[in-house]
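Sequence lines set the chain letters: A, B, ... in the order given, protein chains first and strands last, and positions in each chain run from 1.
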There are 2 protein chains.
Amino acid sequence: MVIVKRTIFLYGLALAILVIIMRMIEYRFLVRDLTLEFYIGLVAMFFTGLGVWVGLRFTRKKVVIINPEFRFNEKEQTERGISKRELEVLELMAKGMANQEIADQLFVSLNTVKTHSSNLFSKLEVNRRTQAVQKAKKLNLIP
Amino acid sequence: MVIVKRTIFLYGLALAILVIIMRMIEYRFLVRDLTLEFYIGLVAMFFTGLGVWVGLRFTRKKVVIINPEFRFNEKEQTERGISKRELEVLELMAKGMANQEIADQLFVSLNTVKTHSSNLFSKLEVNRRTQAVQKAKKLNLIP
DNA sequence: CATCAAATCACCCGAAAGAATGAGTGGGAT
DNA sequence: ATCCCACTCATTCTTTCGGGTGATTTGATG
């Protein structure tokens with residue numbers, strides 16, 4: 001998981017930078033009394049945001065809700081060679097999301113989403129997202 | 001959103017407690033040199049965790065139910081002022097047809113179809129055909 | 001170790017979709 | 001007769017899609 005390593009690295013880097021900034025601010029404002037709370041508040045806010053991002057970034061397993069009688073057709077998926085990622089894209093596509101929105105949701109680039117959807121279309125033998133959603137529903141790949 | 005308020009409250013509380021703890025530690029260890037980095041590291045870790053938790057907490061799904069048998073919702077149609085022609089376009093749209101195909105099917109021009117779909121989108125409060133189809137199904141305007 | 005599939009991202013380009021605006025026509029209602 | 005409205009179509013412009021191609025990285029598999 002190089003991406004994990006990279007994230008940890010970035011995390012450490014952010015921490016280091018923050019410490020430096022704090023140090024710089026410290027020498028100028030330590031005389032005042034609000035410093036500690038102020039620092040902590042800043043750090044807390046920043047890392048809360050970071051935490052949210054990290055949390056979402058590595059939590060792609062989501063609980064999607066379904067209509068009562070839906071049985072996922074694993075056979076179709078394997079026979080057509082549809083990957084999990086492609087399925088994820090398909091699901092978001094079925095929600096009416098644009099490629100860019102899907103990209104944001106999955107934390108990947110627009111181009112990646114395009115690649116996935118393109119492969120998906122050929123595997124589903126369609127050439128439009130609306131048709132893909134339709135066919136996927138018919139094949140019980142999505143609820 | 002009472003749950004959001006509570007979370008904000010807890011957030012503030014955590015912040016306050018942290019400040020207090022920091023203060024307490026401060027008076028005992030400020031003499032040493034590791035303090036600032038140490039503090040920041042602690043705060044950062046804590047709030048990163050909190051951020052992850054918050055991020056996950058509010059990213060869980062909502063339930064959508066799909067309807068087995070179809071009863072056309074006339075009320076929605078009239079309330080939203082959707083015309084018959086717009087409905088026709090909507091139905092063909094739901095079949096995954098492109099605007100040009102719809103135009104050919106209805107013996108009108110491409111521009112006309114675009115106009116209809118545009119009006120349809122605003123009446124359905126969406127801005128993409130996929131979303132329109134979705135919403136129309138939810139509103140029982142199409143099966 | 002070599003190989004393969006999955007996932008990621010990039011670049012190009014043409015086609016389709018959508019937003020905004022304006023406008024002409026015909027059928028009902030008043 | 002006049003007014004309203006659905007329907008029709010056009011033009012312009014911007015954004016999004018989708019096809020095609022190629023590249024890198026990583027995990028798994030043999």
What is the minimum heavy-atom distance between [X] and [Y], and which atoms define it?
X      : Y      : result
A/M97  : A/R129 : O-NH2, 3.0 Å
B/N99  : B/L110 : CB-CD1, 3.5 Å
A/A132 : A/F121 : CB-CE2, 3.6 Å
A/E86  : A/L120 : O-CD2, 3.5 Å

| task | May I ask you to verify if any side-chain N or O of B/N111 is less than 4.0 angstrom from the OP1 or OP2 atom of D/dC9? | result | no

| query | Counting only side-chain N and O atoms of A/H116, is one of them less than 4.0 Å from OP1 or OP2 of C/dT8? | reply |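 For A/H116, the contact criterion (side-chain N or O under 4.0 Å from OP1 or OP2 of C/dT8) is met.
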
To the nearest 0.5 Å, tell me how far [X] [atom1] sits from [Y] [atom2].
X      : Y      : atom1 : atom2 : value
A/L92  : A/I142 : CG    : CD1   : 10.5 Å
A/H116 : A/L106 : NE2   : CG    : 8.0 Å
B/E76  : B/L141 : CD    : CG    : 6.5 Å

Can you check nucleotides 14-18 of chain C for protein contacts, nitrogen or oxygen pairs under 3.5 Å, and list what you find?
| from | atom 1 | to | atom 2 | distance (Å) |
| --- | --- | --- | --- | --- |
| C/dA17 | OP1 | B/N99 | N | 3.4 |
| C/dA17 | OP2 | B/N99 | N | 3.1 |
| C/dG18 | OP1 | B/R129 | N | 3.0 |
| C/dG18 | OP2 | B/R129 | NH1 | 2.7 |
| C/dG18 | N7 | B/K114 | NZ | 3.2 |
| C/dG18 | O6 | B/K114 | NZ | 2.9 |

Nearest whole angstrom, please: distance from the [atom2] of [N] to the [atom1] of [X].
X      : N      : atom1 : atom2 : result
B/K123 : D/dC5  : NZ    : P     : 11 Å
B/L106 : D/dA6  : CG    : P     : 17 Å
B/L90  : D/dA6  : CG    : P     : 17 Å
A/E86  : C/dT8  : CD    : P     : 10 Å
A/E88  : C/dA6  : CD    : P     : 15 Å
A/N119 : C/dT8  : CG    : C1'   : 12 Å
A/L124 : D/dG18 : CG    : P     : 12 Å
A/L120 : C/dT8  : CG    : P     : 14 Å

| Is any NZ, NE, NH1 or NH2 atom of the basic residue among B/R128 and A/E101 found under 4.0 Å from an Asp or Glu carboxylate oxygen of the other? |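 Salt bridge between B/R128 and A/E101, a charged N being under 4.0 Å from a carboxylate O: yes.
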
| request: Tell me what B/S109 touches on the nucleic acid: a base, only sugar-phosphate, or nothing, going by heavy atoms under 4.0 Å. | output: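 Contact class for B/S109: sugar-phosphate only.
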
| Footprint string (nucleotides 22-30 of chain C, 5' to 3'): B base within contact, S backbone only, - free, heavy atoms under 4.0 Å | ---------

| query | Just checking, any donor-acceptor pair under 3.5 angstrom between side chains of B/Q77 and B/N73? | reply | no

| request: Return the residues of residues 75-83 of chain A meeting this criterion: a heavy atom under 4.0 Å from some atom of DNA chain D. Order them by number, or give none. | output: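 Close to the strand, none.
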
| request: Look only at the side chain of B/K135 and the backbone of B/E125, and say whether a donor-acceptor pair between them is shorter than 3.5 Å. | output: no

| message | Testing B/N119, B/L90, B/L124, B/V89 one by one against B/I82 for a side chain to side chain contact (heavy atoms under 4.5 Å, CB included), which residue passes? | response | B/L124

